[in-house]
Structures are given as C-alpha cells and as structure tokens.
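Since the structure is predicted, the reported quantities are computational estimates derived from the model, not experimental observations.
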Amino acid sequence: MPNAIHWEKYLDKLKLHCTEMVFPINENDDADWIKIGECVQQAQKIVEEFAKKSIYPLNLSLEMRFTGGGKGLLSPAREDGKDHACYMEIVSSKDAPQWKDFSNQVVSAWRKIFPNAKPHWAKECYQLEGIEAWTHRLYGDRIAKFLEIRKKLNVDPINMFYTQWIGSILEPTKYPKRP
C-alpha cells in the first residue's frame with residue numbers, strides 16, 4: 001500500500017482540470033458517511049450518462065481524503081457542529097471533452113446531497129455556475145471579517161495571492177467574474 005499513490009509522482013507535469021468540493025461531516029454520524037457514498041454514486045451515474053454518448057470528461061480520477069474540521073476563518077472544512085471534512089475531487093486532462101458541463105453536473109448533484117458543500121479555494125471551480133453567489137452565502141459574515149483583518153494587518157497589499165476568481169467571491173463589485 002505505501003506505493004499506491006506513486007502514480008501521482010509526475011502529475012504536476014500534466015495540464016489538468018481539477019474541481020474539488022469540501023463536505024463538512026461528523027465522524028460518528030452514519031448519515032454523513034452514507035451521503036459521501038451517494039456523492040460517489042452520483043458522479044459514477046453522470047460518468048455513465050456521458051459514456052452512453054461516447055464522451056469521457058472524467059479521464060483520470062475521482063479522489064477523496066478526510067481531515068479534521070477546519071478552524072480557519074475561510075476554511076472550507078469549517079462548519080459549526082461538524083468535526084471532520086471530506087475533500088472530494090474530480091480530475092481530468094485539460095483536453096477532456098465537455099469538462100465544464102460535466103463538472104457542473106457533478107457539483108450540482110453533490111450540492112443536493114451536501115447543501116453546505118464549499119469549493120476548495122485552490123482548485124478549479126470558477127467554471128461552476130453561480131459559484132460566487134452560493135459560496136458568498138455559505139461563508140456569510142466570515143468574508144467581511146476576513147477582509148477587515150486583511151486590511152487592518154495590511155496582508156498581501158499587492159494582491160500577490162489574490163486571484164480573479166477569489167476576488168469575484170470575496171469582493172464581487174471590485175473583481176467581477178470573468179466571462
């Protein structure tokens with residue numbers, strides 16, 4: 001088993017699509033674990049629907065990992081009453097056909113199962129329909145608090161770590177979403 005993930009050794013050499021969502025869960029809540037299985041099943045169902053048309057937008061993997069719950073102000077793993085998180089991602093080559101449609105369908109299905117699912121900030125999620133509005137709603141007042149602290153402490157004054165996508169969620173009037 002220690003060599004099970006060594007296929008990833010050269011993954012950074014490939015151009016990829018990678019969309020990842022985070023589902024806050026409770027370690028001892030059977031319903032949460034059942035929902036995780038449902039998310040995998042929904043992704044599989046969508047893959048099969050595309051395959052019926054000989055279209056294969058998921059051509060690398062669906063992966064997941066589990067962590068403790070987040071305490072950071074903008075951690076996607078942070079949710080009151082939840083002590084753990086499941087990070088689930090879909091990964092494909094950059095030339096995967098119909099990636100935008102596929103990733104939107106998968107994330108939409110996952111959000112029906114976990115309505116409070118949040119995007120992983122560092123992954124490709126800008127193509128998801130309505131992401132700015134629903135992510136802003138899920139983080140609520142924590143976004144304003146983050147921006148207040150960022151300004152007060154003069155953190156990243158030249159926006160070196162501030163992408164267009166992150167700006168479109170944190171400050172949508174200042175950073176409108178790209179077309």
Side-chain angles (χ1 to χ4, degrees), residues 1-9 11-12 14 16-51 56-93 96 99-143 145-146 163 165-166 168-170:
M1 273 315 233
N3 294 324
I5 61 166
H6 286 291
W7 66 272
E8 293 181 331
K9 184 175 180 180
L11 200 57
D12 61 336
L14 301 173
L16 301 172
H17 287 293
C18 179
T19 297
E20 185 168 13
M21 298 299 291
V22 183
F23 315 125
I25 60 171
N26 279 320
E27 179 180 15
N28 296 317
D29 186 342
D30 290 345
D32 282 345
W33 292 99
I34 289 168
K35 288 180 187 179
I36 290 167
E38 290 172 0
C39 286
V40 173
Q41 291 170 346
Q42 284 299 310
Q44 181 178 353
K45 179 182 168 190
I46 294 165
V47 166
E48 290 169 355
E49 289 170 5
F50 275 84
Y56 302 95
L58 183 63
N59 58 26
L60 192 54
S61 69
L62 180 152
E63 303 175 337
M64 69 181 102
R65 66 187 181 282
F66 299 91
T67 68
K71 293 189 182 354
L73 199 56
L74 294 184
S75 169
R78 179 180 175 171
E79 187 169 317
D80 291 342
K82 302 292 183 176
D83 56 11
H84 283 75
C86 172
Y87 286 71
M88 191 173 293
E89 69 180 332
I90 47 177
V91 185
S92 285
S93 65
W99 174 257
K100 183 177 178 180
D101 185 35
F102 173 76
S103 60
N104 270 281
Q105 286 186 41
V106 170
V107 169
S108 178
W110 288 351
R111 289 187 61 234
K112 287 177 184 163
I113 298 165
F114 281 102
N116 290 342
K118 297 177 191 83
H120 184 302
W121 290 106
K123 303 295 175 136
E124 177 189 43
C125 295
Y126 54 82
Q127 82 284 7
L128 300 174
E129 296 168 12
I131 187 156
E132 293 87 356
W134 54 265
T135 301
H136 205 276
R137 179 183 54 78
L138 288 169
Y139 283 96
D141 294 340
R142 291 187 297 185
I143 289 176
K145 182 73 173 166
F146 171 81
T163 66
W165 179 71
I166 289 174
S168 72
I169 291 173
L170 299 180

Trainee: C125 pairs by side chain to side chain contact (heavy atoms under 4.5 Å, CB included) with which of I131, V107, T135?
Mentor: I131

Trainee: Search all heavy atoms of V91 against all heavy atoms of C18 and return the closest pair with its distance.
Mentor: CG2-SG, 3.9 Å

Trainee: Grab the two heavy atoms, one from F114 and one from D32, that are nearest each other, plus how far apart they are.
Mentor: CZ-O, 3.8 Å

Trainee: Side chain to side chain donor-acceptor pair (under 3.5 Å): which pairs involve residues 102-119, sequence neighbours left out?
Mentor: E79-N116, D101-Q105, S103-Q127

Trainee: Apply side-chain contact (heavy atoms from CB on, under 4.5 Å) to E38 and list each qualifying residue two or more places apart in sequence or on a separate chain.
Mentor: I34, K35, Q41, I113

Trainee: My understanding is that only residues two or more places apart in sequence, or in another chain, count here; which of them pass side-chain hydrogen bond (donor to acceptor under 3.5 Å, both in side chains) with Q44?
Mentor: E48

Trainee: Restricting to side-chain hydrogen bond (donor to acceptor under 3.5 Å, both in side chains), what partner residues turn up for W33, sequence neighbours left out?
Mentor: none

Trainee: Name all residues meeting the side-chain contact (heavy atoms from CB on, under 4.5 Å) criterion together with P57; count only those two or more places apart in sequence or in a different chain, and write none if there are none.
Mentor: F50, I55, F102

Trainee: Mind checking what makes side-chain contact (heavy atoms from CB on, under 4.5 Å) contact with A133, not counting sequence neighbours?
Mentor: none

Trainee: Which residues satisfy the ring pair (Phe, Tyr, Trp, His ring centres under 6.0 Å) test with F146, sequence neighbours excluded?
Mentor: none

Trainee: Which heavy atom of A43 sits nearest a heavy atom of V106, and at what distance?
Mentor: CB-CG1, 4.3 Å

Trainee: Does any pair with a residue in residues 65-74 pass salt bridge (charged side-chain N to carboxylate O under 4.0 Å, His left out), and if so which ones, sequence neighbours excluded?
Mentor: E20-R65

Trainee: Could you pull out all residues at least two apart from Y87 that satisfy side-chain hydrogen bond (donor to acceptor under 3.5 Å, both in side chains)?
Mentor: none

Trainee: Let me confirm one number: the CG-OG distance from L14 to S93, rounded to the nearest 0.5 Å.
Mentor: 8.5 Å

Trainee: Could you give the distance from NZ (K123) to CH2 (W165), rounded to the nearest 0.5 Å?
Mentor: 11.5 Å

Trainee: Taking side-chain contact (heavy atoms from CB on, under 4.5 Å) as the test, write out the residues that go with S92, two or more places apart.
Mentor: L58, N59, A96, W99

